[in-house]
J.: 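Structure incoming, see below.
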Amino acid sequence: MAYQSTPEQLSSKRKKVTPLESRRTAKSPTERGSAFLQELRLRISSLLQTTLDAERIVDYFYQEVQSAVAVDGLSYRHEVAAVEIRQGMREKHRAHYRLSTNEDYFGEIEFTRRHRFSENELIKLESLLDLFVYPMRNAMAYQEALRCAVTDPLTGVGNRLSLSNALRRELELCRRYDQQLSVLLMDIDRFKSVNDLYGHSVGDQILQSVAQITRRSLRDADSIYRMGGEEFLVLMANTSLADARLIGERIRVNIAQSDLDLGPEAKPDITVSIGAAEYQDGLNPDTLVQAADQAMYKAKRNGRNQVQVL
Ligand SMILES: Nc1nc2c(ncn2[C@@H]2O[C@H](COP(=O)(O)OP(=O)(O)OP(=O)(O)O)[C@@H](O)[C@H]2O)c(=O)[nH]1
């Protein structure tokens, strides 16, 4: 494992320390007879193995590192996974490490402090980094597995499993607090001929664009799911049927007017048929979706590219 490190002592000349090199010249904790560091390593190692929660790992590491080197702040960033976790304060002096093993990248960690780090302190911090890398890698892999379990891989919106969890939760809230809830069931028109004419990969791009345009047409509180095939469901809490219809109309227009860039050969006119339904006493997740489905079929029968209610 290699840490590409760039400790930045901002009040002094910027300096680069390569931990592997520094470890070669520095004595290891054992060589320095540091029973304390050995004990600390053991403690950190067993503590970090107790959780798969990235925030908790950063928190534990931040607390435990203090007994070796007092730091004012610690941050962990993984750009690809869009994770940023911070503990303590961000101060002037920083020791920044890129965490990687061969080709694998595990993010970046930064220790900060009001006072400059000594060379000996940097060596101590570096000697503890390997304890952080593997638990964090496991936590990130676990988060990714959880995310995949509820996400449609093609479009990035929620899948059927997350839809059924969300519907159950939202209907429970409606019953308990007497709130409104509406859904839109949306189906791309004549999608089979688009696939037949332009091929499946253009069809896939259209599915992605439709999901993106729909997402952009909604409030943050609304959520979108792919039911399967070319069918999407939009879930809107605290929304009446009249409002749902307006939102459905906005989505329909945005999709019909979108100029999808699918290469010189493909210029399909993409439209959607949408059915809107509102939660009423006695409905369950299945019957609510069925009501929206029937409204959507009404839109298909009436000529497609429109929003209908029952
Ligand atoms: N490219 C692509 N096509 C898909 C995917 N899932 C389902 N389809 C296609 O979507 C098409 C759906 O066709 P139909 O159910 O006959 O409906 P339609 O052609 O959209 O016609 P209407 O709904 O009546 O307007 C089928 O050809 C499926 O193969 C996918 O993930 N990618």
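Counting starts at 1 for both ligands and their atoms, in listed order.
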J.: Is there side-chain contact between Q290 and T287, with at least one heavy-atom pair below 4.5 Å?
T.: yes
J.: Which residues pass the ring-ring contact (aromatic ring centres under 6.0 Å, His included) test with F61, sequence neighbours left out?
T.: F132
J.: Partners of D189 by side-chain hydrogen bond (donor to acceptor under 3.5 Å, both in side chains), sequence neighbours excluded?
T.: T271, S273, K300
J.: What residues come within 4.0 Å of ligand 1, counting heavy atoms only?
T.: D187, I188, D189, R190, F191, K192, N195, H200, G203, D204, L207, R226, G229, E230, K300, R304
J.: Could you check whether E110 pairs with R77 (Lys NZ or Arg NE/NH1/NH2 to Asp/Glu carboxylate O, under 4.0 Å)?
T.: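 No salt bridge links E110 with R77.
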J.: Using the test side-chain hydrogen bond (donor to acceptor under 3.5 Å, both in side chains), find all partners of R169 that sit at least two apart in sequence or belong to another chain.
T.: none
J.: Using 4.0 Å as the upper bound for N to carboxylate O, is an ion pair formed by R41 and D130?
T.: yes
